[in-house]
Amino acid sequence: MQDKYTPADIERAAQLHWDQTGAARAVEDATKPKYYCLSMFPYPSGKLHMGHVRNYTIGDVLSRFHKMQGYNVLQPMGWDAFGMPAENAALQNNVPPAGWTYSNIDYMRTQLKSLGFAIDWEREFATCTPEYYRWEQWLFTRLYEKGLVYKKLGTVNWDPVDHTVLANEQVIDGRGWRSGALIEKREIPMYYMKITAYAEELLSELDNLPGWPEQVRLMQKNWIGKSTGVRFAFPLADNPDEKLWVFTTRADTIMGVTFVAVAAEHPLAQKAAVNNPELAKFIEECNQGGVAEADLATMEKKGLPTGIYVTHPLTGEQVEVWVGNYVLMSYGDGAVMAVPAHDERDWDFSVRHTLPVKRVVASQQLLLDWHKATEALKAAGIAYPDTEVAPYSFIQFIEQNLFTKQLPPDVHELVSMLHTQLLHESPNCDKGILINSGKYTGLESGAAVDAIAADLAAKGLGDKKVQFRLRDWGISRQRYWGCPIPIIHCKTCGDVPVPDDQLPVVLPENVEITGAGSPLARMPEFYETTCPKCGGHARRETDTMDTFFESSWYFLRYACPDNATAMVDERVAYWCKGGIDQYIGGIEHAILHLLYSRFFTKLMRDVGLIGDLGEPFANLLTQGMVVAPTYYRELDGGKKQWINPADVDVVTDERGRPTGATLKADGLPVVIGGTEKMSKSKNNGVDPQALIDQYGADTARLFIMFASPPDQSLEWSDAGVEGAFRFLRRLWKLVHDHVAGGLVETKIDQNSLSTAQADLRRKLHQTMGKVADDYGRRKQFNTAIAAVMELLNAYDKTDLADPTGRALAQETLESATLLLFPIVPHIGQALYAELKPGADAGLAAFPKVDPAALKQDEIELVVQVNGKLRGAIRVSTAADKASIEAAALANPDAQKFIEGKPPKKVVVVPGRLVNIVV
RNA sequence: GCCCCGAUGGCGGAAUCGGUAGACGCAGCGGAUUCAAAAUCCGCCGCCGAAAGGUGUGCCAGUUCGAGUCUGGCUCGGGGCACCA
C-alpha cells in the first residue's frame, strides 16, 4: 500500500472500476425494495456551480447508503435544457441556443462524472430534444380536448422599445433591462392549464406528505389559499341592474364599508375614465411598470375617486367607487369592499385620502374604556359627541377639543386611556363583538357572517363562497427556446390541436436571435401550414411552453427514457409506486415546481397514463443555498466593484478576528461586505472545478457535507476545505500504518478486551448506530462525519498493540471506511480493498451494530443544585432512584451548595442527571 | 406589502423527546520536531475574574425543579410571490 494519499490516481481508478462493473446501472427487480433517489436536474448554464455539487452529493450519499442497506437504487440525471439563458447567450455571443446548450451539457456531464456520483447515465436525456418534448405536446393535445387547457387573455410585461415581452426578472424598477424603457402591461391571448380544478386535491393531499418539511407544506397551503367568505354585489346607484361584485372573508365588517375600490383594469374604472381625463391619466399610470406581484404590492398606495356610486346592499347607503393601484384584477372580481376601521390597507388608504371610517368591531377593553371615559365626562359636565361606541371621529374630538382643555385629572386619565386604546385599534383587524351594526350589533363575528350571508342571499345579492388564491397556470411564452405549443390556428376551424401523426412539432434549431420578439414568428417555413381539419391555409402557434412544463414530469420519464412509442410505460409503476423515495433540491422550488409536478402527476393519472401512484415525491429534502463572503471597492460615483474572495487576503488580529482585507494584487485594502448567495453579480462564486482539480472529488464532497446540515445555507471557506483534505490524508495514514503491521481477522472476544479497548469498541458500535440514523432518518451528514472523526480520535488514543487490539483496530478501520463510503466513495473503495484484499466497498453491506459491544456497567450522572451544574457521580446502570438520590445528596460538590438546607424536591432524570431543589 | 424560514464562541456548526451549552472542524495562541520552512504531533482556546465563582444561545417578557429548545411580543438576515430556473 502506498504511504501517500494521491486523490487523482485513486479517483480515476475507482471511477473506471464503477464504469466497467456497471455499478450504478439500475435494473427493475421485483424481488428487492426499490429506492428512487432523485436530485433536481440542472439547467445547463455552462458549468457546475457549488449548489449543484451540494445537491448531487446529498443525493449520492443517500443513494449509496441505501444500496448498502440492500435497496435496488435508481439515481438518474438529465438536463432541464429549455430556458431563457440560452437566448441571452445567443444574443451576447451570437451562437444558436441549441449548440450552446448541447456543448454546456457535454462539459457539465464530464464534471458530474469527475465527482464520482453513482448515476445511471443510460437514462440521461435533455428536455430540448424532440424525443422528450414530443410527449408533452402529445399530452397537451389530450388535455386540450378534455378542456383542461384553455385560452384567455393574460397580462405580460411589454417593452415598447424592443417590441418584446419581458420576463419579470428582466424588468428592473419598472424598466426594460436592455432598453431602459418604461414597461407597459399588455393583454395577450395565452393558453392556461386548469390547475384550479385540482386545488382541493392539491390542498388536501398535503396532509398525506409526512416526508415533506412542514414549512414547504405550509407554503403550498398558503399559496393555494383556500378561504371561505362571502361574495356579494353592490348595485350601481344610477342603474341597480348593473352590479359590482366583491369577495370578502370578513363579511362581519360589511356594515363598516365606507367605499369600494376597483382595479385600474376593472370595467367600471374604464367606464368612469371616459369622461374623466384625470382618472384616465391615473389608469394609464397604473398600466406602467411590470406585472410582478412583489412590485405591485410594495408600490405606494394610490387611488382616485370615479364619481360612480354604488348602493350598500344592506344599509342602502351610497358608497363611492375608487380606483386603487393596490387592487389586483387577477384576484377574484378585481374589486374589494373597503372597511378602513378593520383592515390595515384600507386604513392607510383612508388616512391618505381622508375617507370616512366606521368602526363596527370593538374589543372588550375599548368598550370598557369608552364606558368609563364617557361616564366621567358626563359626570364632569363636559359635552362630547353622542356617537355610538367610539368611532374614529372620537379620536379627533379628543385631540382637538379635550386635550386642549384643562380636564380634571381623573377625567383626563380616563380619556387618555380611551385615546390610547382607540389609536391601538385603528385599525382593529381582530374578530370580536359587533357594534354600530344595526340588527347585527351584539353578534360575535362568526355568527354575524352567517346572519349577513343569509340576508344577502335572501336579497339575491350574494352568498357564502369558497375561494382559492391559486390561479390557473398560464403556459404561453413569446420565446424561442422552448417546446412549441402544438396548436394550429385556422380561420374556419378555429384553434385545432396538432394530430398525433403530425407530432412532434419540431423546434427549428438554426435561427437568429435578435432580442425583439420570437424568431419563430418571423419564420414562415415554421408557422405556415395547413389545417388538419379542413386542409385550408392555416398558421401554426408560435408561442412556446413555460419551461416548468418540462420539469413537471421528467421524474416519470427517467423510468422509461428509451420508450419511443409512449410517454410512459409500466416501468413507472415499479420505480414510482408510492412516490419517488427521496427528492432533493433547492428551497427556492418549494412552491411552483413542486406544485406543478404534483398537479401533473394527478393530470397524468386522470388521462390514464399512470395508475394512482399517490403523491410524486414521498420524501423531500430542501437544501439551503451556498453563500460566500463578498468584497468590494467603491468606485467614483458610488458604484461598487466586486472582488472575488479568491483574490483577497483577510487580515486578522491575534485572536483570529478579521480586522480588514486587502487585494492580493496590490496589497491595498478592500471593503468586507456581507455573506451572500454565490452569484455572478457579487463576484463571490467559487468554481468547484478548481477545488476538484486541487484536492479531488472526495475532499470537495466531504467539505460540502461537513460544513453545515443540508437544509441550512452553506458558507464557503477555503480553510475548511484544507481541513477536509487533512482528515482524508489522516484516514489514509491510519489505514496505511495498520496494514503495514499485517492484516488480521476481525473476530473479537468481547471479554478479552481491556477497559480502554472495550470503551473504544462501544464507541465504534455507537457510532455505527448514529451514522446509520443520521444518513437514514435524520439526513444530517455533518454530524455523521463528526461522529466518525470522534471515533478516529479515540482510536488514536487507545493502546491496540496486543492481538485483541489489532483485531479491534482492523474492525474499527474497516467499519469507519464503510461508514464514510457514501460520502467519500473513491478513497473508501481504495482503503477497503487494502483492508480486505479483493473486496469491493461498493458492494459491501453497511456495518451492523453488535449489541454486546454497547453494554455498560456504570454511568456518570450530573448533579445539579437548583438547576445549576455542581458535580457528578458514578452509579451502576442498575441503580434505583433512591440510591441515586442518596449518592447525589452525599456528593461533596453538591453539599457545598446545599449548605445543610433540607432538599425541597429531588428530580432524577434516568441516565442524565439529578437536580436537588433547596 | 404578503407567505415561509433562520439567528448559539473569532468562524462553520453540535446539543435528535424540556435535562451537563459550545461535540466535530476551521482560525488563533503556546510547545515538540527541523539548519530553516512546509508537513506532522502535543497542549490551550465563550466572556468577566488572581481564584472562588459569576455570566452567557439576537432583544424584551412568560411557563418550568430545569429553556438554545415551549408561549407571547419585537429586531435583524434570508427564500418565495405565478415569465429566472
Side-chain angles (χ1 to χ4, degrees), chain A residues 40 42-43 45 80 83-85 154 156-157 165-171 213-216 218-219 221-223 225 290-299 301 326 330 344-345 470-471 473-479 546-548 551 586-593 595 622 624-625 627 652-658 674-677 703 706-709 711-724 726-727 729-730 733 770 773-774 777-778 780 782-783 785-790 793 860-864 866-869 872 904-907 909 911-913 915-917:
Chain A
M40 289 181 184
Y43 178 80
S45 55
D80 188 12
M84 243 178 16
V156 295
N157 302 306
V165 175
L166 296 183
N168 283 339
E169 75 157 5
Q170 297 173 317
V171 179
E214 182 57 36
Q215 61 154 314
V216 176
L218 196 57
M219 280 192 264
K221 185 175 175 233
N222 290 337
W223 184 263
V291 298
E293 199 207 305
D295 296 334
L296 296 172
T298 46
M299 268 189 325
K301 308 214 174 359
Y326 64 96
S330 49
E344 200 83 46
R345 224 165 31 177
L470 182 70
R471 309 197 297 259
W473 172 16
I475 56 153
S476 293
R477 298 290 179 270
Q478 298 69 48
R479 283 180 221 300
D546 180 2
T547 56
F548 273 124
S551 55
I587 183 72
E588 63 272 20
H589 293 293
I591 295 176
L592 292 180
H593 162 62
L595 190 66
T622 48
M625 298 171 306
V627 299
T652 58
D653 66 10
E654 77 284 350
R655 301 184 95 140
R657 285 182 285 230
T675 299
E676 301 192 45
K677 179 175 174 168
F703 168 71
F706 184 57
S708 61
D711 55 350
Q712 284 178 32
S713 63
L714 182 150
E715 184 166 335
W716 187 256
S717 148
D718 286 325
V721 174
E722 290 271 0
R726 263 203 299 270
F727 173 73
R729 203 161 47 189
R730 177 165 166 238
K733 187 171 180 296
K770 168 159 181 63
D773 187 46
D774 279 351
R777 178 182 64 91
R778 296 217 300 157
Q780 191 165 303
N782 54 332
T783 46
I785 296 165
V788 178
M789 286 175 168
E790 265 189 79
N793 288 347
E860 192 180 73
L861 290 186
V862 156
V863 181
Q864 295 182 336
N866 288 336
K868 287 193 178 172
L869 174 63
K904 233 193 277 178
K905 186 173 175 183
V906 181
V907 182
V909 183
R912 292 267 181 193
L913 57 73
N915 188 14
I916 302 162
V917 185

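Since this is a predicted model, take the numbers as computed values, not measurements. Residue numbers start from 1 in every chain, and the chains themselves are labelled A, B, ... in the order their sequence lines are given, proteins ahead of strands.
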Salt bridge (charged side-chain N to carboxylate O under 4.0 Å, His left out) partners for [X], two or more places apart:
X: A:R729; value: none
X: A:R479; value: none
X: A:D774; value: A:K770, A:R778

Q. Using a cut-off of less than 4.0 Å, is there contact between a side-chain N or O of A:N793 and OP1 or OP2 of B:G25?
A.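 Checking A:N793 against B:G25: at least one side-chain N or O falls below 4.0 Å of OP1 or OP2.
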Atom pairs under 3.5 Å: protein N/O with N/O of nucleotides 3-5 of chain B:
unit_1	atom_1	unit_2	atom_2	d
B:C3	O3'	A:N222	ND2	2.7
B:C3	O2'	A:N222	ND2	2.7
B:C4	O2'	A:Q215	OE1	3.0

What residues, two or more places apart in sequence or in another chain, satisfy side-chain contact (heavy atoms from CB on, under 4.5 Å) together with [X]?
X: A:N157; result: A:L166, A:N168, A:V171, A:I183, A:V291
X: A:P709; result: A:D711, A:Q712, A:Q780, A:N782
X: A:Q215; result: A:P213, A:M219, A:I587
X: A:H593; result: A:M40, A:F548, A:S551, A:Y554, A:Y583, A:H589, A:S597

Q | Residues forming a ring-ring contact (aromatic ring centres under 6.0 Å, His included) with A:F703, sequence neighbours excluded | A | A:W716
Q. With sequence neighbours excluded, what pairs up with A:Y326 under the ring-ring contact (aromatic ring centres under 6.0 Å, His included) test?
A. A:F349
Q.
Suppose we call a contact any N or O donor and acceptor under 3.5 Å apart; does that hold for the side chain of A:K868 and the base of B:U55?
A.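 Not at all, since no donor on one side and acceptor on the other fall under 3.5 Å apart.
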Q) Among B:A21, B:C24, B:C65, which nucleotide sits nearest the side chain of A:N915? A) B:C65
**Q.** Which nucleotide in B:G79, B:G13, B:G19 has an atom nearest any side-chain atom of A:V909
**A.**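 Among B:G79, B:G13, B:G19, the one nearest the side chain of A:V909 is B:G19.
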Q) What pattern of brackets, bars and dots sums up RNA chain B from 5' to 3', given Watson-Crick or G-U wobble pairs under 3.5 Å, [ ] for crossing pairs and | for another strand? A) (((((((..(((......[....))).(((((.......))))).(((....)))..(((((..]....))))))))))))....
Under-3.5 Å N/O pairs linking protein and nucleotides 39-41 of chain B:
unit_1	atom_1	unit_2	atom_2	d
B:A39	O3'	A:R729	NH2	3.2
B:U40	OP1	A:R729	NH2	3.0

**Q.** From CG (A:L869) to CG (A:N915), nearest 0.5 Å
**A.** 10.5 Å
